[in-house]
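Here's the structure, in C-alpha cells; my notes come after.
The structure presented is a predicted model; accordingly, all values stated were derived computationally and were not measured. Numbers restart at 1 for each chain; the letters A, B, ... are given by sequence-line order, proteins then strands. In what follows, every heavy atom counts, from backbone to side chain, and hydrogens, waters and symmetry copies are set aside.
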Amino acid sequence: MTAKYYSNIEIAELLRSVAAAYELKDAERNKFRIIAYERAADAVEHATSELKDLWDEGKLAEVPGIGPNIASHLDELFRKGRSKHFDEVMKGYSPNIFKLIKIQGIGPKTAYKLVTELGLEKSKDILKDVEKVSKKGRIAKLEGFGETSQAEITKSIVESKDKVKRILLPYAESIAYEVISWMKSCKAVERIDPLGSLRRKASTVGDIDLSVASDQPQEAIEHFTNYPKAKRVLEKGDHTASIIVTPEIQIDLMVQPVASYGALLQHFTGSKHHNIALREYAMKKGLSLSEYGIKNRRGKLKSYKTEEEFYQVLDMEWIPPELREDTGEIEVALNHKIPKLVELPDIKCDLQIHSDFDIETSHDLGESSMEEIIEKGNSLSYEYLAFTEHNPSKSGHSEKKIVELIKRKNEAVEKLNYSLVKDMKISVKKVFNSLEIDIMPDGSLPVPQEAFGYLDFALVSIHSSFRLSRNEMTKRILSALAYPKVKIFAHPTARKINEREGVELNWPEIFEFCRKNNKWIEINADPMRLDLPDNLVKEAIDYGIKLTLGTDAHHKDGLENIKYGVYVARRGWAKANDIINTQSLEEFEKLLKGGDK
DNA sequence: GCCGTTTTCGGCCCGACTGTTTTCAGTCG
C-alpha cells in the first residue's frame, strides 16, 4: 500500500492541530511542548524542500525545530499514512475544532467551546453551521461570549471566504504608499515607514505593516483609523491599530516616540523568527528586547533612536532587512561578517528581454521594438542587453524555416550593434542575440543545430509538462542544459506565485552540473515569478553557482522590474560577484567565450 | 518537545489589544 502524499502545508496544519490538542488537554503542563509543535509547524512552512523529499533522503531531523520525537512521528506518517501518536493526542476532539482555529480570532479554546457547546462535532460544513448558529444569536448566550464576540466571529468567517492569498510585492507596495501618503497629511506623524515583509522585500506580503514615529500617538492612530479606504477597524489601542482595506488586506500600524523609534523599526521589521532568535540570544546575555528598547539585568529600559544602535548593543553588525529570516544571519552579524549584498546600481544589463521582432514564436512576442528597448536600457545606464524572444514554434515550421528566422533576427541585431558602437551618447554598447528555448518533455530543444550558430548564447526553460516526477524532471533539465550554446536555466522552478507550484527537481544534482559545466541559473525578476526563489538562491550560492537576472520583459517598461530580481538576490545572500549582470561588457564576453568546461 | 559560543539538563521572546471579566484569558504578531 502506498501511503498518502503529505505536502508541507498539510504537515504544518497537522502539527498545529497537535499543538492545539495539547493546549486543550492541559495548556499549563504542555506549555513548552505546544511551543515546540508550533515551531515545528513554522519550520515546515519555511522549509526549502518538500519534507517528503527530505524524509526520502533521511534528512528529516536536519530541519531546525524538528527533533527526534517529531521526526519519528513524521516518519510513521510517511510510511503508513498515519501517526499513532498524533492520532492519540487528537483523540476525542472533533476535527471541526481544528478547522475552526484557522479563522482569525479563533484559537483552540474558543474553537472547542463553539464546537462542543453548540453540538457541532459532526457538522459537515463547520464554517457554515457556526454562521447559522450565530445568526440565531446562540453564540452570544454561551458563557464567556457576548454580542460583540458573536459578531466578530461571524465577520471573520465571512472574511475568511474571500480572503485574498498573499499579495505580490509591487501590489503591496502600491497599497502601502497610498496609506503612507494619507498618513503624511497628519501633523502628528514625524516619520512613517513600511516594515514587516514589505521592508524585508519578501516575494509576497500577507499583512502590510507600517510604523510611525510620533510624540502624539493617539492623534496618529486616530488619523490612521479614519483612512478613507478602511472598510473595517480591527483594533485600535494606545500604540497599535489595525484596519482592513479592500480587497481584504490588513494593515497594521505601530507608533513609538521619536526617541525609541529604532527599537520599533527593529521589532516591526521582523521576521518573527529573527526576533525570537535575537531575543533568545539577548536573554543569555541578561538583556530583554522589545519594541520599546533594551532592558538590562536590573530591568532598566534604554531606548534607541536608530536601529544601528540597537544591534550594536548586542555586539552585532546591522543586519540588512532582507537577511532577517533566522537563517544564520545572527551568528554572522556577531562575527561581523555580514556580506556586502548586491545593489541595484551594480546591475549593468538585463539578460531576458522579449522584443517585438517577429520570429513566429512559440509563446507571446514582446510589444516594444528593439530600438525602444535599447533606449530604455540606456535610461537604466545599462552597458548591454540580450534579446531573448521565444524560439520559433516547432509546429508549422520546417527546420529550414526556423534557421532562416533566427538568422534574420541575427542580422537585425548585428545592424543595431554596428550603430551602437558609433553612438557615443548611449550607455548601451552592445546587444546580444539570444533565445529563450522551450525544453521539450524529453529534454531536447526544438531548434536545429545550425540555428545555434547564429546565437550568442541561449536560455532554456520549461513551459509545459510540469508534472513529471522529480527524477524525470531533473534528467530533462540536465539534457537541455548540456547543449553547447545554452548558458542560462531560466525561471527554473516555473512557478507562478498564487497560481502554480514550482516543479520538483533534484537541486543538488542541478547545482552540481551547473558548477561543473559553467552554466548559470536565472533569477527571473517578473514579480509573479521571482524564480529562482530566494531560499534556493542561497543554496545555489553556497554551491558556487553564478546567477543571472532577467526581467522577462515583454514591454520596454518591464525592464524596471529588475529591482525585484535584486531583492530576491539579496534575500539569497548574493554579493555582486555572484550575479553575472554586475560584470562589465568586456568581462561578460569573456565569460561567454569561456563556454563549457 | 527542542536545543546548546557559559547548559546533554533546565531552560524556553515579549508585548498589545479585546471582551468579558472584576483581575484575566485568549489571540495575535
Side-chain angles (χ1 to χ4, degrees), chain A residues 15 18-20 22-24 27-43 61-74 85-86 89 100-114 139-153 156 195-197 206-209 211 217 221 233-242 250-256 263-264 266-295 299 301 315 326 330-332 334-335:
Chain A
L15 293 170
V18 175
Y22 273 123
E23 175 116 30
L24 293 172
E28 200 42 49
R29 191 165 65 88
N30 294 313
K31 201 168 158 193
F32 297 108
R33 187 177 281 128
I34 293 163
I35 292 172
Y37 268 94
E38 278 170 354
R39 281 191 165 194
D42 283 348
E62 282 179 26
V63 180
I66 295 182
N69 277 299
I70 293 182
S72 79
H73 302 320
L74 291 180
H85 179 255
F86 293 166
V89 178
L100 269 184
I101 59 175
K102 285 186 247 167
I103 302 297
Q104 158 126 316
I106 299 183
K109 304 274 170 72
T110 309
Y112 179 79
K113 272 196 204 164
L114 288 176
I139 294 179
K141 294 201 186 91
L142 298 177
E143 204 187 325
F145 292 82
E147 290 291 340
T148 318
S149 54
Q150 176 173 270
E152 283 297 305
I153 288 168
S156 292
L195 301 183
S197 46
D207 300 341
I208 291 174
D209 299 319
S211 69
I221 298 247
V233 176
L234 278 181
E235 58 171 61
K236 184 179 169 186
D238 297 336
H239 302 94
T240 72
S242 298
Q250 185 173 333
I251 306 181
D252 298 331
L253 184 86
M254 288 186 103
V255 188
Q256 281 289 310
L264 177 60
Q266 196 292 316
H267 167 79
F268 211 18
T269 297
S271 66
K272 181 179 152 198
H273 296 97
H274 173 80
N275 283 356
I276 289 175
L278 202 65
R279 286 166 183 191
E280 280 175 348
Y281 170 77
M283 203 168 47
K284 287 175 195 158
K285 300 185 61 168
L287 303 172
S288 168
L289 315 181
S290 76
E291 59 266 49
Y292 296 104
I294 301 179
K295 268 188 208 155
L301 180 76
D315 296 320
D326 190 24
I330 289 174
E331 200 188 351
V332 176
L334 278 169
N335 294 325

**OP:** Considering just the side-chain nitrogens and oxygens of A:K295, establish if one lies under 4.0 Å of OP1 or OP2 belonging to B:dG15.
**Re:** yes
Original post:
With rounding to whole Å, what would you report as the distance between B:dT20 and B:dA16 at their P atoms?
Top reply: 22 Å
Original post:
Roughly how far apart, to the nearest Å, are B:dT21 and B:dG26 at atom P?
Top reply: 13 Å
Original post:
Can you find a pair of side-chain heavy atoms, one from A:L289 and one from A:Q266, that are under 4.5 Å apart?
Top reply: no
**OP:** Ignoring hydrogens and angles, tell me if any N or O in the side chain of A:N275 forms a donor-acceptor pair with the backbone of A:H267 under 3.5 Å.
**Re:** yes
Subject >> Nearest-nucleotide pick for A:T110, side chain only, options being B:dG1, B:dC13, B:dG26 >> reply: B:dG26
Original post:
For A:I103, which contact category applies under a 4.0 Å heavy-atom criterion: base, sugar-phosphate, or nothing?
Top reply: sugar-phosphate
Original post:
Out of B:dA16, B:dG29, B:dT18, which has the shortest distance to the side chain of A:D207?
Top reply: B:dG29
Original post:
Taking atom C1' of B:dG26 as reference, at what distance in whole Å does atom CD1 of A:I34 sit?
Top reply: 13 Å
Original post:
Considering only the C1' atoms, how many Å lie between B:dC3 and B:dT8, rounded to the nearest integer?
Top reply: 9 Å
**OP:** Report the distance from atom CG of A:L15 to atom CG of A:L74, rounding to the nearest 0.5 Å.
**Re:** 6.0 Å
Original post:
Are A:Y292 and B:dA16 close enough that a side-chain N or O sits under 4.0 Å from OP1 or OP2?
Top reply: yes
Original post:
Which whole-number value in Å describes the distance from A:K141 NZ to B:dT20 C1'?
Top reply: 18 Å
**OP:** For A:L278 and B:dC12, give me the distance from atom CG to atom P, rounded to whole Å.
**Re:** 16 Å
Original post:
Taking the side chain of A:E235 as its heavy atoms from C-beta onward, which of B:dC13, B:dT27, B:dC17 lies nearest to it?
Top reply: B:dC17
Subject >> Below 4.0 Å: OP1/OP2 of B:dG19 and any side-chain N or O of A:T148 >> reply: no
Original post:
When you measure from the side chain of A:H73, which nucleotide among B:dT5, B:dG1, B:dC17 comes out closest?
Top reply: B:dG1
**OP:** Just name whichever nucleotide pairs with B:dT8, Watson-Crick or G-U, keeping both distances under 3.5 Å, else none.
**Re:** none
**OP:** Quick one: list whatever passes salt bridge (Lys or Arg N to Asp or Glu O under 4.0 Å) with A:D42, sequence neighbours left out.
**Re:** A:R16, A:K272
**OP:** Could you state the atom-to-atom distance from CD1 of A:I35 to P of B:dT27 in whole Å?
**Re:** 15 Å
Subject >> Rounded distance (Å) that lies between atom C1' of B:dG15 and atom CD of A:Q266 >> reply: 14 Å
**OP:** With heavy atoms under 4.0 Å as the rule, sort A:G65 into base, sugar-phosphate or nothing.
**Re:** sugar-phosphate
Original post:
At under 4.0 Å between heavy atoms, what does A:H85 touch on the DNA or RNA strands: base, sugar-phosphate, or nothing?
Top reply: sugar-phosphate
Subject >> Atom P, compared across B:dC2 and B:dT6: separation rounded to whole Å >> reply: 23 Å
Original post:
Does OP1 or OP2 of B:dG26 have a side-chain N or O of A:K109 closer than 4.0 Å?
Top reply: yes
**OP:** Select one nucleotide: of B:dC13, B:dG1, B:dC17, the one nearest the side-chain heavy atoms of A:N69.
**Re:** B:dG1
Subject >> Distance, P atom - from B:dG4 to B:dC13, rounded to whole angstrom >> reply: 14 Å
Original post:
Which word best sums up how the rings of A:H85 and A:Y22 line up, parallel for under 30°, tilted for 30 to 60°, or perpendicular for over 60°?
Top reply: tilted
Original post:
Whole-Å distance between B:dT27 P and A:I106 CD1?
Top reply: 9 Å
Original post:
Is the base of B:dT7 syn or anti, where syn means the angle lies within 90° of 0?
Top reply: syn
**OP:** Find which nucleotide of DNA chain B each of A:E147 and A:G107 is nearest to by heavy atoms, and output the residue with the more 5' nucleotide.
**Re:** A:E147
Original post:
Hey, does A:L289 reach any base, or is it just sugar-phosphate, or nothing, if we go heavy atoms under 4.0 Å?
Top reply: sugar-phosphate
Original post:
Hey, does A:K236 reach any base, or is it just sugar-phosphate, or nothing, if we go heavy atoms under 4.0 Å?
Top reply: sugar-phosphate
Subject >> Among B:dC17, B:dG15, B:dC14, the one nearest A:R279 by side-chain distance >> reply: B:dC14
**OP:** Taking only the side-chain heavy atoms of A:M283 (C-beta and beyond), determine which of B:dT7, B:dG1, B:dC12 contains the nearest atom.
**Re:** B:dC12
**OP:** Using a heavy-atom cut-off of under 4.0 Å over every strand shown, decide if A:D238 touches base, sugar-phosphate, or nothing.
**Re:** sugar-phosphate
**OP:** Please report, rounded to the nearest Å, how far the P atom of B:dA25 is from the CZ atom of A:F145.
**Re:** 16 Å
Original post:
How is A:S242 classified with respect to the nucleic acid when contacts are heavy atoms under 4.0 Å: base, sugar-phosphate, or nothing?
Top reply: nothing
**OP:** Provide the distance between the two C1' atoms, one in B:dC17 and one in B:dT23, to the nearest whole Å.
**Re:** 16 Å
Original post:
If you check the A:S290 side chain, which of B:dG29, B:dC14, B:dT27 turns out closest?
Top reply: B:dC14
**OP:** Report the distance from atom CD1 of A:I153 to atom CG of A:L114, rounding to the nearest 0.5 Å.
**Re:** 5.0 Å
Original post:
So, is A:S149 near the phosphate of B:dT18, with a side-chain N or O under 4.0 Å from OP1 or OP2?
Top reply: no
**OP:** Quickly work out the A:I276 CD1 to B:dC12 P distance and round it to whole Å.
**Re:** 14 Å
Original post:
Got more than 12 heavy atoms from elsewhere within 6.0 Å of CD, A:E235?
Top reply: yes
Subject >> Closest to side chain of A:Q104, choosing from B:dC28, B:dC17, B:dG26 >> reply: B:dC28
Original post:
Counting side-chain heavy atoms from CB outward, which of B:dG29, B:dC13, B:dC17 is closest to A:Q250?
Top reply: B:dG29
Original post:
Closer to the 5' end of DNA chain B via nearest nucleotide, is it A:E23 or A:P68?
Top reply: A:P68
Original post:
Tell me, do A:F145 and A:Q150 make a side-chain contact under 4.5 Å, heavy atoms counted?
Top reply: no
